[in-house]
Protein chains: 2
Amino acid sequence: MDWREFDQNPVSHSAAHHLTAIQQLLEDQGYARVSDVARKLGITRGSVSVSLKGLRQRGLVVEDQHKHLGLSDEGQRIARGIHTKRVLFKAFLEKSLGLPADLAEMDACKIEHLVSDLTAEALAIYIDRREDASDSSSDRDRQVNALEDSIREGRVEAFPGKEIETISERLQSRSEEQSKDKDDE
Amino acid sequence: MDWREFDQNPVSHSAAHHLTAIQQLLEDQGYARVSDVARKLGITRGSVSVSLKGLRQRGLVVEDQHKHLGLSDEGQRIARGIHTKRVLFKAFLEKSLGLPADLAEMDACKIEHLVSDLTAEALAIYIDRREDASDSSSDRDRQVNALEDSIREGRVEAFPGKEIETISERLQSRSEEQSKDKDDE
DNA sequence: TCCTCTTGTTTGGGTACCCAAACGGGTTGA
DNA sequence: TCAACCCGTTTGGGTACCCAAACAAGAGGA
């Protein structure tokens, strides 16, 4: 096994952040420009301009007539996948391991783009099962069993699939509730 | 929080592998030279020569009169820490999440040098508790409680400490037994 | 002795990031 | 209208990796 699998990932650490930044800007303010991305990431406009040229050539980022950035289908898929992984790992580090939120966030952010889809799926199932050990419908059981088969056989069709995304969203909204509660105190 | 905490880690991905390669070569064959490291890592002697120059300047790697490489105390500490993290994550991915061994190994290898010491400690405790939920001496309980206090307060003295290393070694030897069993079949 | 192999180093080239600085195009308020 | 400002891009410089290739030095067999 080559230890340099490292740098032949679908996207680099920096690309991961460029993509998720665009996605988040689109959600938050409806548009994303080079400067917005630069500000969000804390790097210069020049760096973003160059990086995005590469991502545009790879067909992950698109641009309209007004220099407004967007994500292609593939770009969206990747950004969503990374975001999901970040949420899953942060939740695991914070909830299961009991790490402080900021450290959980930091570590999740470092590894989000490196772990395989399969690993993320397995983690989602793991968390899910521990969170809702009580309410188990035969429906969810069947889904989980199907996913576990995938893991055993080492395959995953598309990440994140519907089920995984549902789990991730529940984890995220639960985590947001908690930090809101904390603010209220 | 700066997303580029990434590249200001104690050691880079490549440095991590250079150090652990030296350590492993010393264990396996009693010595380590530039060529040995190059062969083990699958890169050229030239690359290793240059990389090690940096690690020597940083005081992590030492060299005797016969061009035999070694690790300084600091170098050993770092290499041992990385190795411990790799073992812990691999064990978690494989045993708790049920991922295939090769994928677990690959993912563990990608993230071993990125996760914080505190995260690794928390993971060790987590695994430990799940593995030996039955035999709990009040001694171990006290240790675990002390470590959990560290985690809550976000500090860790030296990684890996005695307790963590014990857990890691047990996980590793258990994993080796299992793969031996498999070979015997 | 001489030829050959191995070893470690150096050098020039390439990739992927980052920055600062300069430049040209647009918008806008005075 | 024009100076001030924000935009995006380009350019030159820097770091950290990698490679291939050329080199010098030592070790050993014929």
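Note on naming: letters A, B, ... go to the chains in the order of the sequence lines (proteins, then strands), and numbering restarts at 1 for each one.
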Of dT9(C), dG8(D), dC17(D), the nucleotide closest to the side chain of Ser12(B) is dC17(D)
The nucleotide from dG8(D), dC18(D), dA20(D) with an atom nearest the side chain of Arg45(A) is dG8(D)
Of the candidates dC18(C), dC7(D), dC18(D), the side chain of Ser51(B) sits closest to dC18(D)
With the side chain defined as heavy atoms from C-beta on, His18(B) is closest, among dC18(D), dG8(C), dT9(D), to dC18(D)
From CG of Leu55(B) across to C1' of dT15(D) the rounded distance in Å is 15 Å
> Is Gly54(A) touching bases, backbone alone, or none of the nucleic acid, heavy atoms closer than 4.0 Å?
Replying inline: nothing
When rounded to whole Å, the CG to P distance for the pair Leu52(B) and dT7(C) reads 15 Å
Rounded to the nearest 0.5 Å, the CD atom of Glu63(B) sits from the CD atom of Gln65(B) at a distance of 10.0 Å
From the candidates dC17(C), dT9(D), dC17(D), the one with an atom nearest any side-chain atom of Lys67(A) is dT9(D)
Gln57(B) atom CD is separated from dT15(D) atom P, nearest whole Å, by 13 Å
- Task: Establish, with yes or no, whether the OP1 or OP2 oxygen of dG8(D) is under 4.0 angstrom from a side-chain nitrogen or oxygen of Lys53(A).
- Result: no
Distance col, row Leu93(A):CG vs Ile111(A):CD1, nearest 0.5 angstrom, shows 6.0 Å
Looking at dC6(D), I'd like to know if its phosphate oxygens (OP1 or OP2) sit under 4.0 Å from a side-chain N or O belonging to Ser35(A). no
Ranking dT9(C), dC7(D), dT10(C) by distance to the side chain of Val50(B), first place goes to dT10(C)
*asked:* A quick test of your reading: do over 12 heavy atoms of other residues, nucleotides or ligands sit less than 6.0 Å from CG of Asp73(A)?
replied: no
NE2 of His83(A) to CZ of Arg80(A), rounded to nearest 0.5 Å, is 11.5 Å
Taken to the nearest whole Å, CZ/Arg33(B) to P/dG8(C) is 6 Å
Atom CG of Leu69(B) and atom P of dT9(C) are separated, to the nearest Å, by 8 Å
When rounded to whole Å, the NE2 to P distance for the pair His13(B) and dT15(C) reads 21 Å
Out of dC18(C), dG8(D), dT9(C), minimum distance to the side chain of Ser47(A) belongs to dC18(C)
### Task
Cation-pi check, Lys110(A) to Phe89(A): give yes when NZ or CZ is under 6.0 Å from the six-membered ring centre and within 45° of the ring axis, no otherwise.
no
Taken to the nearest whole Å, NE2/His66(B) to P/dT6(C) is 21 Å
Phosphate OP1/OP2 of dT9(D): any Arg56(A) side-chain N/O under 4.0 Å:
yes
Here the distance between atom P of dG8(C) and atom CG of Leu41(B), to the nearest Å, is 14 Å
The nucleotide from dC17(D), dC19(D), dC17(C) with an atom nearest the side chain of Thr44(B) is dC19(D)
